[in-house]
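Here the structure is laid out as structure tokens; the discussion comes afterwards.
What you see is a predicted model, and the numbers here were worked out from it, not measured in a lab. Letters A, B, ... are given to chains in the order of the sequence lines, protein chains preceding strands, and every chain is numbered from 1.
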2 protein chains.
Amino acid sequence: MSKTRILIADDHALVREGVAALLQLQDDMEVVGEACDGRDALRLTAKLKPDIVLMDIAMPGLGGLEATTEIKKTMPEIRILILSQYDDREYISRLLKAGVSGYILKHAVGTDLVSAIRAVARGEFYLYSGIASSVVDGFLDKEQALSVDPYEKLTDREKQVLKLIAEGNTHKEIAQLLDISTKTVIAHQTHLSEKLDIHSRADLIKFAIRRGIIKI
Amino acid sequence: MSKTRILIADDHALVREGVAALLQLQDDMEVVGEACDGRDALRLTAKLKPDIVLMDIAMPGLGGLEATTEIKKTMPEIRILILSQYDDREYISRLLKAGVSGYILKHAVGTDLVSAIRAVARGEFYLYSGIASSVVDGFLDKEQALSVDPYEKLTDREKQVLKLIAEGNTHKEIAQLLDISTKTVIAHQTHLSEKLDIHSRADLIKFAIRRGIIKI
DNA sequence: TCGGCCTTTGCCCTCGCGGATGATCGCCTT
DNA sequence: AAGGCGATCATCCGCGAGGGCAAAGGCCGA
């Protein structure tokens with residue numbers, strides 16, 4: 001019997017090593033590599049061809065969702081299990097659209113993670129307890145479930161403005177940094193807020209943190 | 001030779017178990033318990049009397065700093081090693097004031113953590129590489145190093161308002177929730193912003209996240 | 001009893017936020 | 001050539017943010 005080959009992608013080395021240590025205790029699992037961000041995850045996935053990638057969402061640079069999309073584009077047979085710090089219920093449908101095979105929280109215990117990996121290895125979906133019901137709601141709203149990630153619909157300039165807003169800059173400060181008018185900054189923010197359907201600075205900040213767009 | 005007895009306090013079960021698995025690999029260390037928040041850490045520390053408490057800062061309810069202060073008050077012989085997700089350099093002096101014996105980041109690798117625990121067990125201070133220089137700066141500014149945690153100087157009402165602001169509520173919404181005038185809300189915010197020396201909503205939100213005051 | 005702190009509120013002011021609407025310019029695709 | 005889209009900037013307007021100033025009532029310790 002061959003072991004399930006696992007790649008762990010998380011920006012916290014201690015979490016990577018700790019989870020790897022937990023999984024190595026299982027005789028049907030083998031951690032073949034560790035990636036510290038989405039770019040690293042892409043590179044190592046192509047190189048190591050693991051069975052499952054255990055992926056955090058909030059990582060610097062290339063985030064977990066973007067990395068998932070890229071991996072599924074070129075290597076659709078590789079299964080992705082999301083290991084998130086946040087209970088992003090309304091976000092799961094987009095992850096499913098990107099092709100992930102499961103979603104588990106860091107609040108879960110080790111046996112949950114082992115169960116999740118075995119389920120995904122068998123080709124099943126895994127959803128951490130308490131999340132399942134929201135996914136049912138998600139399937140009821142199929143239009144939304146099939147929509148693409150709104151963040152990907154942002155232009156480069158809008159992503160740039162989002163990052164600067166989330167970092168706490170005022171419109172005037174952003175205008176000076178980008179050498180444009182404050183009115184243009186506001187226009188970009190208006191557009192990106194509509195695309196993301198997030199209409200307060202506080203929620204923009206939290207969105208950016210969850211997505212790994214800014215560090216705190 | 002007796003093993004170093006360690007209590008792990010972190011609100012993420014997978015992180016607790018993973019780090020515990022790493023530490024159990026060392027034959028001079030023994031994880032005697034796991035706590036999921038500051039209150040739990042207090043209770044288990046009193047019950048288990050570990051040599052070292054490995055403590056996260058951002059935990060729901062009672063945070064890591066508050067728990068550290070309480071533990072040091074009644075059990076000063078127990079050493080605390082902070083395991084933080086964030087590089088809160090300007091915050092370290094207050095942790096030192098509270099009596100911690102070390103500070104390490106989740107970005108660190110397992111061997112760093114093992115070294116840190118051994119150093120703390122020997123009675124030394126441990127500071128994760130790259131942080132040491134800022135601590136030198138901290139000692140240069142002894143007045144600040146000896147100051148108390150500004151958050152503790154906030155009144156209950158101010159802490160309440162801080163939480164509601166960080167959650168993204170407007171002044172009017174907070175006024176309605178607390179059944180007071182918006183002017184009073186602003187007065188509370190003015191006072192707490194002065195005490196914390198944080199003068200933008202964005203930074204208040206990030207402060208609240210780092211301290212575990214709000215969830216995201 | 002007095003002073004200090006907490007909580008509350010008001011008025012005034014400036015500044016920033018953010019939506020609606022409209023416009024120009026350039027690039028790219030059809 | 002025509003249309004779509006992104007980036008730029010503008011005006012108008014209502015509302016929120018936040019500082020300054022003043023002050024009243026309650027509670028508690030000296």
Side-chain angles (χ1 to χ4, degrees), chain A residues 66 69 147-211 213-214 216, chain B residues 66 69 147-211 213-214 216:
Chain A
E66 294 84 353
T69 305
S147 70
V148 298
D149 177 22
Y151 181 69
E152 287 310 311
K153 300 184 75 172
L154 266 53
T155 66
D156 289 344
R157 201 58 155 172
E158 286 165 354
K159 290 178 183 176
Q160 196 175 17
V161 171
L162 168 61
K163 183 169 186 289
L164 291 169
I165 289 173
E167 284 171 346
N169 296 289
T170 66
H171 288 159
K172 186 187 290 183
E173 288 166 348
I174 296 170
Q176 290 167 352
L177 285 170
L178 301 183
D179 197 27
I180 56 179
S181 159
T182 61
K183 301 302 176 182
T184 308
V185 176
I186 292 173
H188 289 313
Q189 184 180 346
T190 301
H191 295 149
L192 73 88
S193 288
E194 283 172 0
K195 289 179 181 176
L196 298 177
D197 193 27
I198 297 174
H199 301 279
S200 78
R201 290 174 95 82
D203 288 334
L204 284 175
I205 290 172
K206 292 170 188 175
F207 173 83
I209 290 171
R210 280 197 295 265
R211 295 295 293 268
I213 298 167
I214 61 167
I216 55 174
Chain B
E66 294 82 354
T69 304
S147 70
V148 298
D149 177 21
Y151 180 70
E152 287 309 312
K153 300 184 74 171
L154 266 53
T155 66
D156 289 343
R157 200 59 154 174
E158 287 164 356
K159 290 178 183 175
Q160 197 175 15
V161 171
L162 168 60
K163 183 169 185 287
L164 291 169
I165 289 173
E167 284 171 347
N169 296 290
T170 66
H171 289 159
K172 185 188 289 184
E173 288 166 347
I174 296 171
Q176 290 167 351
L177 285 169
L178 301 182
D179 196 29
I180 56 179
S181 159
T182 61
K183 300 302 173 182
T184 309
V185 176
I186 293 173
H188 289 313
Q189 183 180 347
T190 301
H191 296 149
L192 72 89
S193 289
E194 283 172 0
K195 289 179 182 176
L196 299 177
D197 194 27
I198 298 174
H199 300 279
S200 79
R201 289 174 96 83
D203 288 333
L204 284 175
I205 291 173
K206 291 170 188 175
F207 173 83
I209 291 171
R210 281 197 295 263
R211 294 294 292 268
I213 297 167
I214 61 167
I216 54 175

- Euclidean distance, atom CG of residue B:Asp197 to atom P of D:dG19 [Å, nearest integer]: 12 Å
- C:dG18 C1' sits how many Å from A:Ile174 CD1, rounded? 13 Å
- Message: I want to verify a distance call: between C:dC17, D:dT8, D:dC12, whose nearest atom is closest to the A:Arg201 side chain?
- Response: C:dC17
- Kindly say whether B:Glu167 contributes a backbone atom to a donor-acceptor pair with the side chain of A:Lys206 at under 3.5 angstrom? yes
- Message: Given D:dA7, C:dA20, C:dT8, identify the nucleotide with an atom nearest to the side chain of B:Arg157.
- Response: C:dT8
- Could you work out which one of C:dG10, D:dC9, D:dA7 sits closest to the side chain of A:Ala187? D:dC9
- Note on the structure: To the nearest angstrom, the CD1-C1' distance between A:Ile186 and C:dA23 comes to 17 Å
- Ignoring backbone atoms, establish whether A:Thr184 has a side-chain N or O less than 4.0 Å from OP1 or OP2 of D:dA7. no
- Task: Select one nucleotide: of D:dC9, C:dT9, D:dG19, the one nearest the side-chain heavy atoms of B:Ile180.
- Result: C:dT9
- Message: Taking atom NZ as the centre, does A:Lys163 end up with more than 12 heavy-atom neighbours from other residues, nucleotides or ligands that are less than 6.0 angstrom away?
- Response: no
- Message: Quick check on C:dG18: is either OP1 or OP2 less than 4.0 Å from any side-chain nitrogen or oxygen of A:His171?
- Response: yes
- Message: How many whole angstroms separate atom CD of A:Glu158 from atom C1' of D:dC5?
- Response: 11 Å
- Nucleotide nearest B:His191 (side chain, heavy atoms from C-beta), chosen from C:dC12, C:dA20, C:dT7: C:dT7
- Item | B:Gln189 vs D:dG18: side-chain N/O to OP1/OP2 distance below 4.0 Å | yes
- Minimum-distance nucleotide to A:Thr155 side chain [options: D:dG6, D:dA17, C:dT8]: D:dG6
- Output the single nucleotide from C:dA20, D:dG18, C:dC17 whose closest atom is nearest the side chain of A:Glu194. C:dA20
- Can a side chain N or O of A:Thr190 be found less than 4.0 Å away from OP1 or OP2 on C:dG19? yes
- Gap between atoms NZ and P, on A:Lys153 and D:dG4 respectively (whole Å): 16 Å
- Output the single nucleotide from C:dG19, C:dT8, D:dT8 whose closest atom is nearest the side chain of A:His188. D:dT8
- Note on the structure: B:Leu192 CG to D:dG19 C1', in whole Å, measures 14 Å
- Query: B:Asp203 side chain to B:Ile198 main-chain N or O, any donor-acceptor pair under 3.5 Å?
  - Reply: no
- Message: Any salt bridge linking A:Glu194 with A:Lys153? Criterion: basic side-chain nitrogen under 4.0 Å from a carboxylate oxygen.
- Response: no
- Quick one: does B:Leu178's side chain get under 4.5 Å of B:Thr184's, heavy atoms only? no
- Which nucleotide, D:dC9, C:dG16, C:dT9, lies nearest any side-chain atom of A:Ser181? D:dC9
- Check whether more than 12 heavy atoms from other residues, nucleotides or ligands sit under 6.0 Å from atom NZ of B:Lys159, and answer yes or no. yes
- Please give, in whole Å, the distance from C:dC17 C1' to A:Lys183 NZ? 9 Å
- Item | Value in whole Å for how far the C1' atom of D:dC15 lies from CD of B:Glu173 | 13 Å
- Task: Output yes when at least one side-chain N/O atom of A:Lys172 is less than 4.0 Å from OP1 or OP2 of C:dC15, else no.
- Result: no
- Message: Assuming nearest nucleotide by heavy-atom distance, tell me which of B:Leu178 and A:Ser200 is located more 5' along DNA chain C.
- Response: B:Leu178
